[in-house]
There are 2 protein chains.
Amino acid sequence: MLSKKTKYGLKALTFIATRESDLPVQVSVIAKSEQIPQKFLESILLTLRKSGILGSKKGKHGGYYLRMEPLDIKMTDVMRVLEGPIAMVPCVSLNYYEKCDDCPDEHKCSVHKLMIEVRDSTLKVFRNTTLADLSNTNG
Amino acid sequence: MLSKKTKYGLKALTFIATRESDLPVQVSVIAKSEQIPQKFLESILLTLRKSGILGSKKGKHGGYYLRMEPLDIKMTDVMRVLEGPIAMVPCVSLNYYEKCDDCPDEHKCSVHKLMIEVRDSTLKVFRNTTLADLSNTNG
DNA sequence: TATTAATCCTATCAATTTAATAGGAATTAC
DNA sequence: GTAATTCCTATTAAATTGATAGGATTAATA
């Protein structure tokens, strides 16, 4: 299941990307429009900012803005920040590889191969999708 | 993340498929060989039996066996039984469709389209993979 | 400079899900 | 009748997720 964190994050990014103006957008505005608990959204946007996808401006008239054009924000990056590794098992993760604790030999593991295929096919989708694609409502 | 339930289930199925004999395999044998907690595995194999993928024989010399040839056991079916819906959000699930509780209009939802693509690409993998593929260790 | 409005940060909590365990009932082979 | 097995239900412990709380920090502006 996709976590609410990721779902909310994607919706918020889409919301920001769809704005005409370049002015920072307040959390409260996004929360109200997208019906997301504000405090929860705050923490999500903070994560996105720390990862470099969003920038922020503090104080009055502050808020969040995109650091790049929507066309240059790939889903691979967004999903990794919000949802974590794309692979379903650590032993096939490209960016967060770890030996599975319950698996003596991953080369003999029947699950391993299958999960590599799933990872690759999912990666293909995320690599070919940018925030601009999400924002395009005529889809 | 892939649940342990699914991982254990796939390993157990592979174990059974790889046996030469058609005799039922005891839970204890699989548990020991694959290093899976026996009681946990018991409940997993029970689920697989109830779903029709495995058959069982009770009593002495009892155990579990495949109801079909490995080549005819598709990952779509196995994954749905063990892991649940393949879609990451209920609103794009083919077999378990539900409206997302936090989404007023899924046609305007930017996440929806992305999740359809992910679903389709994952489905493609699972539809093209059978238990026979998992069992083939020369892969 | 004081006020207001915003992000930033840390801690906590409640609910859910997952992983595992326990104990025994039912069934079957021998 | 005994031993070995699946079957069933209930319980528990740990981890994760979703959400909340409270206040520190920063910046605009009157």
Side-chain angles (χ1 to χ4, degrees), chain A residues 1-12 16 23-32 34-67 81-85 88-90 98 100-103, chain B residues 1-12 16 23-32 34-67 81-85 88-90 100-103 111:
Chain A
M1 275 284 292
L2 196 74
S3 68
K4 295 236 171 183
K5 179 181 173 187
T6 301
K7 194 171 185 187
Y8 292 160
L10 288 171
K11 285 188 172 193
I16 298 174
L23 292 175
V25 188
Q26 289 83 40
V27 174
S28 60
V29 172
I30 307 173
K32 190 172 277 183
E34 299 296 316
Q35 308 195 48
I36 301 169
Q38 177 161 344
K39 275 290 191 179
F40 192 15
L41 181 57
E42 242 181 59
S43 71
I44 295 168
L45 297 189
L46 206 52
T47 305
L48 285 166
R49 197 221 60 189
K50 283 179 178 165
S51 79
I53 292 171
L54 288 177
S56 69
K57 187 159 178 292
K58 286 167 107 175
K60 206 167 184 176
H61 300 166
Y64 290 93
Y65 53 89
L66 297 177
R67 297 278 305 271
V81 167
L82 293 172
E83 192 75 2
M88 293 184 82
V89 283
E98 264 183 57
C100 294
D101 53 351
D102 59 338
C103 216
Chain B
M1 277 284 289
L2 195 73
S3 68
K4 296 235 172 184
K5 178 182 173 186
T6 300
K7 195 172 185 187
Y8 292 160
L10 288 171
K11 285 188 173 191
I16 298 174
L23 292 176
V25 188
Q26 288 83 41
V27 175
S28 61
V29 171
I30 306 173
K32 190 172 275 181
E34 299 294 318
Q35 307 195 48
I36 301 170
Q38 176 162 344
K39 275 291 193 177
F40 192 15
L41 182 57
E42 241 180 62
S43 72
I44 296 168
L45 297 190
L46 206 51
T47 305
L48 286 166
R49 197 221 59 187
K50 283 179 179 167
S51 79
I53 293 172
L54 289 176
S56 69
K57 188 159 176 294
K58 287 167 110 174
K60 207 167 185 176
H61 299 166
Y64 289 93
Y65 54 90
L66 298 177
R67 296 279 303 272
V81 167
L82 293 172
E83 192 75 3
M88 293 185 81
V89 283
C100 293
D101 52 351
D102 60 338
C103 216
V111 181

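Order of the sequence lines fixes the chain letters, A, B, ..., with proteins taken first and strands second; residue numbering starts at 1 for each chain.
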J.: What's A:Lys50 touching, base or sugar-phosphate or nothing? Going by heavy atoms closer than 4.0 Å.
T.: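 Sugar-phosphate: the residue A:Lys50, judged by heavy atoms under 4.0 Å, touches backbone atoms but no base.
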J.: Take the protein atom CD of B:Glu83 and the nucleotide atom P of C:dT18, then report the distance between them rounded to whole Å.
T.: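 My rounded result for the distance is 8 Å.
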J.: How does protein contact run along nucleotides 22-30 of chain C, one letter per nucleotide 5' to 3', with B for base contact, S for sugar-phosphate only, - for none, heavy atoms under 4.0 Å?
T.: BBB--BBBS
J.: Look up atom CG in A:Leu82 and atom CG in A:Leu2, then write down how far apart they are to the nearest 0.5 Å.
T.: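 A:Leu82 atom CG to A:Leu2 atom CG measures 9.0 Å (nearest 0.5 Å).
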J.: Using atom NZ of A:Lys5 as one end and atom C1' of C:dT16 as the other, report the distance to the nearest whole Å.
T.: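 Rounded to the whole Å, the gap is 17 Å.
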J.: Are A:Pro90 and B:Met1 side-chain neighbours, meaning at least one heavy-atom pair lies under 4.5 Å?
T.: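 Yes - at least one pair of side-chain heavy atoms lies under 4.5 Å apart.
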J.: For A:Leu48 and C:dC9, what is the distance between atoms CG and P respectively, to the nearest whole Å?
T.: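 Whole-Å distance recorded here is 14 Å.
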J.: What pairs meet the ring pair (Phe, Tyr, Trp, His ring centres under 6.0 Å) rule with one or both residues in residues 34-54 of chain A, with sequence neighbours excluded?
T.: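 Ring pair (Phe, Tyr, Trp, His ring centres under 6.0 Å) check on residues 34-54 of chain A returns A:Tyr8-A:Phe40.
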J.: Decide yes or no for B:Lys5 and B:Ser43: does some side-chain heavy atom of the first lie under 4.5 Å from some side-chain heavy atom of the second?
T.: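 Result no, sub-4.5 Å side-chain heavy-atom pair not found.
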J.: Roughly how far apart are B:Lys60 NZ and B:Gln26 CD, rounded to 0.5 Å?
T.: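 That separation rounds to 11.5 Å.
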J.: Closest approach to the side chain of A:Arg49, judged atom by atom: which nucleotide of D:dG18, C:dC9, C:dA20 is it?
T.: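 The answer is C:dC9.
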J.: Looking at the side chain of B:Ser56, which of C:dA19, C:dA20, D:dT6 is the nearest nucleotide?
T.: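 From the listed options, D:dT6 comes nearest.
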J.: Atom CD1 of B:Ile44 and atom P of C:dA20: how far apart are they, to the nearest Å?
T.: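 Answer to the nearest Å: 8 Å.
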J.: For B:Lys32 and D:dA4, give me the distance from atom NZ to atom P, rounded to whole Å.
T.: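 My rounded result for the distance is 13 Å.
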J.: Does the side chain of B:Tyr64 get closer than 4.0 angstrom to OP1 or OP2 of D:dC7 through an N or O atom?
T.: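 For D:dC7, OP1 or OP2 has a side-chain N or O of B:Tyr64 closer than 4.0 Å.
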J.: Under 3.5 Å, is there a donor-acceptor pair between the A:Ser3 and A:Glu83 side chains?
T.: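 The answer is yes; a qualifying pair exists.
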J.: Provide, to the nearest angstrom, the distance between the NZ atom belonging to A:Lys7 and the P atom belonging to D:dA19.
T.: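 Rounded to whole Å, this separation is 11 Å.
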J.: Check the distance between C:dA5's C1' and A:Leu23's CG and give it to me in whole angstrom.
T.: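 Taking atom C1' of C:dA5 as the reference, CG of A:Leu23 is at 15 Å.
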J.: Checking side-chain contact (heavy atoms from CB on, under 4.5 Å) against B:Cys103, which of A:Lys11, A:Gln35, A:Glu34 comes through?
T.: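 Single pass found, and it is A:Lys11.
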J.: Measure OH/B:Tyr8 against P/C:dA19 and give the value in whole Å, please.
T.: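 The distance from OH of B:Tyr8 to P of C:dA19 comes to 8 Å, rounded to the nearest Å.
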